[in-house]
Amino acid sequence: MAAHVDPLVVGRVIGDVVDLFVPTVAMSVRFGTKDLTNGCEIKPSIAADAPAVQIAGRGDDLFTLVMTDPDAPSPSEPSMREWLHWLVVNIPGGTDPSQGEAVVPYMGPRPPVGIHRYVMVVFQQKARMTAPPALAPGAEAARVGFTTRAFADRHDLGLPVAAMYFNAQKEPANRRRNY
């Protein structure tokens, strides 16, 4: 009988983005009608708009959601690791990111080359965060070189309580499909 290996370990999310942790909060992610499972492939055209994310927990719990691409600009040379795609703080437990404060608005996958991992990590906050001002549209420089671990350390978030990831690659312009 084969031992179960965590898909976050297989996908190198643990190691490249976060340290080993034990998930303690349920999270579900859906792009349109497609439920996300760790390591599945999502077409960038399907993920252009923010996914529906549900984070379990009690209403008085607060969570932070971070979404990054640790493979920017290419998986073989991730010199822009991590590219920040979404950052929402003060999300009440049992709700979704629309109930929190978006610090960095959602940006869908735009992999220029190769297969990229897009990682969503949830941290439980110890207290309400004073959210920094939201990122101005077009302020792409603020998205480059983000580090999930450093952010968690800076805000005393500890280890994640949930994480998921999906893969995406550039679609040929004439092959974009909406399913």
Side-chain angles (χ1 to χ4, degrees), residues 3-42 46-71 81-109 116-135 142-143 146-168:
H4 170 75
V5 180
D6 188 325
L8 296 173
V9 172
V10 174
R12 297 183 340 272
V13 169
I14 292 176
D16 286 353
V17 180
V18 295
D19 294 324
L20 186 62
F21 72 98
V22 175
T24 56
V25 173
M27 171 176 64
S28 65
V29 181
R30 172 179 282 171
F31 284 102
T33 59
K34 184 162 177 77
D35 288 322
L36 192 72
T37 57
N38 277 316
C40 71
E41 181 157 343
I42 301 284
I46 301 301
D49 295 324
V53 177
Q54 270 304 125
I55 301 170
R58 298 184 321 253
D60 57 348
D61 292 338
L62 291 173
F63 297 93
T64 293
L65 171 69
V66 177
M67 178 178 161
T68 65
D69 171 0
D71 300 318
R81 175 179 288 170
E82 301 164 49
W83 183 278
L84 181 60
H85 279 261
W86 200 14
L87 177 58
V88 184
V89 300
N90 300 327
I91 304 167
T95 68
D96 62 80
S98 71
Q99 303 302 305
E101 298 171 52
V103 177
V104 176
Y106 178 81
M107 169 192 268
H116 287 236
R117 296 166 294 162
Y118 292 87
V119 180
M120 293 184 208
V121 181
V122 175
F123 295 94
Q124 187 164 358
Q125 299 171 204
K126 291 178 175 64
R128 183 167 208 68
M129 253 192 226
T130 303
L135 186 67
R143 294 180 183 266
F146 181 85
T147 306
T148 300
R149 279 186 189 94
F151 177 83
D153 287 346
R154 212 170 29 253
H155 296 283
D156 193 27
L157 295 173
L159 291 172
V161 295
M164 294 186 89
Y165 83 100
F166 64 94
N167 295 311

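Judged purely by distance below 3.5 Å, without hydrogens or angles, the side chains of Q125 and T64 pair a donor atom with an acceptor atom. Inspection of the T148 and E82 side chains reveals an N or O donor paired with an N or O acceptor under 3.5 Å. Inspection of the N167 and E41 side chains reveals no N or O donor paired with an N or O acceptor under 3.5 Å.
Nearest heavy-atom pair across F63 and P92 is CD1-C, 4.4 Å. Listed here is the closest heavy atom pair of L20 and L159: O-CD1, 3.9 Å. What you find for Y106 and D49 is that their closest heavy atoms are CE2-C, 3.4 Å. In plain terms, the two heavy atoms of A127 and L62 that are nearest each other are C-CD1, 4.2 Å. M164 and L36 make their closest contact through CE-O, 3.2 Å (heavy atoms, listed as atom of the first residue, atom of the second, distance). Listed here is the closest heavy atom pair of M27 and M120: CE-O, 3.9 Å.
Between the K34 side chain and the I42 main chain, no donor and acceptor come within less than 3.5 Å of each other. Checked by atom type and distance alone, the side chain of R30 never pairs as donor or acceptor with a backbone atom of A52 at under 3.5 Å. Within the 3.5 Å criterion, the main-chain N or O of L84 finds a donor-acceptor partner in the side chain of R143. Side-chain atoms of D61 come within 3.5 Å of backbone N or O of R58 as a donor-acceptor pair.
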Problem set entry | Candidate pair H85 and Y118, rule ring-ring contact (aromatic ring centres under 6.0 Å, His included), full reasoning | CA-CA 9 Å; H85 279 261; Y118 292 87; 5.2 Å; yes
Problem set entry | Trace of the side chain to side chain contact (heavy atoms under 4.5 Å, CB included) decision for D16 with R81 | CA-CA 9 Å; D16 286 353; R81 175 179 288 170; 3.7 Å; yes
Problem set entry | Full working for side chain to side chain contact (heavy atoms under 4.5 Å, CB included) between L65 and I91 | CA-CA 8 Å; L65 171 69; I91 304 167; 3.8 Å; yes
Exercise. Could you go step by step and tell me if T68 and F146 meet the side chain to side chain contact (heavy atoms under 4.5 Å, CB included) rule?
Worked result: CA-CA 8 Å; T68 65; F146 181 85; 3.8 Å; yes
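I55 contributes atom CD1, which lies 11.0 Å from atom CD of Q99 (distance to the nearest 0.5 angstrom). In this structure, CG on D156 lies 9.0 Å from CE on M129, to the nearest 0.5 angstrom. In this structure, L87 CG and E101 CD are separated by 10.5 Å, a value rounded to the nearest 0.5 Å. The CZ atom of F166 lies 4.0 Å from the CE atom of M67; values are rounded to the nearest 0.5 Å. Distance check: I14 CD1 to D6 CG gives 5.0 Å after rounding to the nearest 0.5 Å.
By the 4.5 Å heavy-atom criterion applied to side chains, H116 and W83 are not counted as neighbours. Under the 4.5 Å side-chain criterion, counting only non-hydrogen atoms from C-beta, P97 is in contact with W86.
Residues F123 and F151 place their aromatic rings such that the two centres sit no closer than 6.0 Å.
When each of L8, V10, V13, V119 is checked for a side-chain contact (heavy atoms from CB on, under 4.5 Å) with N38, only L8 meets the rule.
The residues D69 and R117 are annotated as not salt-bridged, no charged nitrogen and carboxylate oxygen being separated by less than 4.0 angstrom.
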